[in-house]
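Order of listing sets the numbers, starting from 1, for every ligand and every atom in it. Bear in mind that the values here come from a model prediction, so they are computed numbers and not experimental data. Heavy atoms only: backbone and side chains are in, while hydrogens, waters and symmetry mates are out.
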Amino acid sequence: MTFSELGLSESVLNAVEDAGYKEPTPIQAQAIPHVLRGVDVLGCAQTGTGKTAGFTLPMIDLLSRGRAKARMPRSLILEPTRELATQVAENFETYGKNNRLSMALLIGGVSFEDQNRKIDRGVDVLIATPGRLLDHFERGRLLMRGVEILVIDESDRMLDMGFIPDVERIASLLNPNRQTLFFSATMPPEIRRLADVFLKDPVEVSVAPPASPAETVEQSLSIVRSGDKRAALRALLRDQPVKNALIFCNRKRDVDVVAKSLASHGFDAAALHGDMTQSHRTQTLERFKNGELKLMVCSDVAARGLDIAGLSHVFLFDLPYHPDDYVHRIGRTGRAGMRGRSFSFATPEDGKFLSAIEGLIGREIPRFEIDGIDGETVAEDDGRGRGRGRGGRTRREGSASGSGRGRAKRESPPKDETPAANEDAPKEDSPKAAPAKEDAPKESKPRTPRAKRSDAKPKTAAGKTPARRREPKDDTPSGPGLGDHMPAFLMRPARPKGKS
Ligand code: AMP
C-alpha cells in the first residue's frame with residue numbers, strides 16, 4: 001500500500017514524502033480513507049504506530065476546503081498533556097506545510113495573550129488540553145459551534161487523569177453533526193462506553209492488541225531493595241550502552257532526588273515533571289530531544305506518546321501502580337522499528353504491582369542481575385501466585401557501587417505526597433494576568449470541581465462521572481478522618497494569595 005492510494009491530496013502527499021515516509025503505517029492505511037469520507041472513527045492504537053499522521057493528514061485535506069472565521073475554530077484536537085499537544089502541533093506543521101491552514105496551540109502554563117491573538121484571527125485547527133480550552137471558552141474567547149471535526153486522542157489517558165468530565169462538557173458545546181475521531185491505546189470497558197457516547201456509527205480500526213508491549217523492546221527486571229535502587233541504576237548506566245534514556249519514577253519528589261543524585265555522580269541528567277514551570281519543562285524536553293541531554297528523569301508526564309527519536313533505554317526506577325503505565329513507559333523506546341531496552345526495578349514489596357504487570361503483558365519479565373547489587377525476592381503478597389519468590393539471589397561480586405544490606409534507608413517518599421502519575425501541570429507557572437481560577441493546576445488535579453460547574457450536563461457513558469483512578473492508599477490524597485470520601489470543596493485547588 002502506498003500513500004497515494006489513500007485518497008490524500010498532492011500537497012499532503014508531498015509533505016509526507018518530504019517527511020521521509022515511504023509507506024503508510026497500518027493505522028494510517030486503515031484510518032485515513034475513513035476520515036476522508038467524513039465518518040466517525042474509533043481507533044485503538046499504541047503510541048509509536050503513526051496514529052498522529054493517521055488523523056492529521058486527512059484532516060488537513062478536509063479543512064483545506066473552507067476558511068476559518070474569527071474565534072470559531074473549525075477543528076479541535078484534545079490531548080491529555082501539554083507535551084503531547086505540542087508534539088501534535090509540530091506534526092501538524094510538518095504535514096500541513098503545503099497547505100495554508102492556521103493553527104493555535106492552547107496549553108496551560110503559558111500566556112493567554114498569544115493564544116487569544118491567534119484565536120481572534122480565526123483558526124482551522126485548535127490543539128488543546130481540556131483545562132486551558134475551557135478557560136478560554138469560559139472567558140468568552142471561543143465559539144465552539146463551528147467545530148466540524150473533533151479528535152479525542154489518548155482517551156484512556158484522559159480517563160486516567162480525570163479529564164473525561166471536561167471532555168464531555170467540551171463535546172456538548174460542539175456541533176452535534178461534527179465528525180469525531182476517538183483514539184485510545186487501550187480499550188477497557190469504560191473507554192468503550194465513552195466511545196458509544198461520543199461517536200456515531202464509528203468505523204473501528206485497531207492495529208495492536210490492547211496493551212501489548214512493543215515487540216521491539218527487550219525487557220528486564222531486577223528485584224532490589226528500595227535503598228539500593230540508586231546504586232543499581234548507576235551500575236546499569238555504567239554497564240549498558242546507553243545513548244539516551246528516560247528514567248521513570250512514580251513520584252515527583254523522587255524524580256528530583258534521582259536527577260540530582262545522578263548529576264552529583266557525574267551523569268548528564270535532568271528532571272521533568274509537572275511541578276516544574278512550563279518553560280523549564282519545554283526547555284528540558286527540547287534539550288533531551290536534541291541530544292543535548294542524555295538522561296531525563298521523569299514522571300508519567302513523559303510516558304504517553306512522547307516521540308523521542310532513537311531512544312536507546314528506558315529505566316523504571318519504580319514499578320508503576322497501574323500496569324498500563326508499564327506498557328506506556330517502556331513504549332518510549334523500540335519505536336519506529338528500532339530496538340530498545342528497558343530495565344525495571346521492583347522492590348520485595350512490589351509483588352502486587354509486578355503481578356498485575358506480568359498478568360497484563362501475559363508473561364514474566366526476564367530477571368536481570370546487577371553486578372554489586374544484592375538481588376531480592378518479591379514478598380508473597382499478591383495471592384495469585386505470580387511474581388512470588390522469584391528474582392532469586394544475585395551474584396555478589398564485591399560492590400564497586402557500594403551496595404550493602406540494611407545499609408540504606410528506604411527511599412519511599414512521605415505518605416502525603418501526591419503520586420506523579422496525575423500531575424501534568426505546574427503549580428507555580430500560571431499566567432500572571434489570569435484570574436485565580438486559571439491558576440489552578442488544571443491538568444493535574446481531580447476534575448470533579450470543574451465538572452460540577454458545568455452548566456450543560458452531558459450524560460456520561462457510564463451513566464455517572466467517570467472515577468479518577470485510585471492510587472495506592474498511602475498516596476491517595478485524603479481529608480483528615482474522611483476515609484475514602486473526599487468532599488468536592490476540599491478537592492478544589494486553593495486560590496493563590498492576592499487573587500480573588
Ligand atoms: P506517532 O505514533 O504518531 O507518535 O508516530 C510515531 C513516529 O512515527 C513519529 O516519529 C512519526 O514521525 C513516525 N511516522 C509516522 N508515520 C510514519 C510512516 N508512515 N513512516 C515512517 N515513520 C512514520
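The backbone N or O of T81 lies less than 3.5 Å from no partner atom in the side chain of T129, so there is not a single donor-acceptor pair.
Counting the atoms of ligand 1 from 1 in the order shown, those under 4.0 Å from a heavy atom of T52 are 1 (P), 3 (O), 4 (O). Residue contact check: E23 has heavy atoms under 4.0 Å from atoms 18 (C), 19 (N), 20 (N) of ligand 1. Each of the atoms 19 (N) of ligand 1 lies under 4.0 Å from some heavy atom of F3.
Backbone and side-chain nitrogen or oxygen atoms of G50 are examined, and one is located within less than 3.5 angstrom of a nitrogen or oxygen of ligand 1. The shortest N/O to N/O separation between Y21 and ligand 1 falls below 3.5 Å. Considering backbone and side-chain N/O of Q87, none are found under 3.5 Å from N/O of ligand 1. Taking distance alone, with nitrogen or oxygen atoms compared against 3.5 Å, T49 approaches ligand 1 more closely than that limit.
Atom CZ of R67 sits in a sparse spot, with 12 or fewer heavy atoms from other residues, nucleotides or ligands closer than 6.0 Å.
There is a side-chain donor-acceptor pair under 3.5 Å between K289 and Q87. With no hydrogens or angles considered, a side-chain donor-acceptor pair links H136 and N116 at under 3.5 Å.
In F55, neither the side chain nor the backbone holds a heavy atom less than 4.0 Å from any atom of ligand 1.
When ring centroids are compared, F315 and F248 stay outside the 6.0 Å threshold.
Between F183 and F55, the two ring planes are tilted [angle within 30° to 60°].
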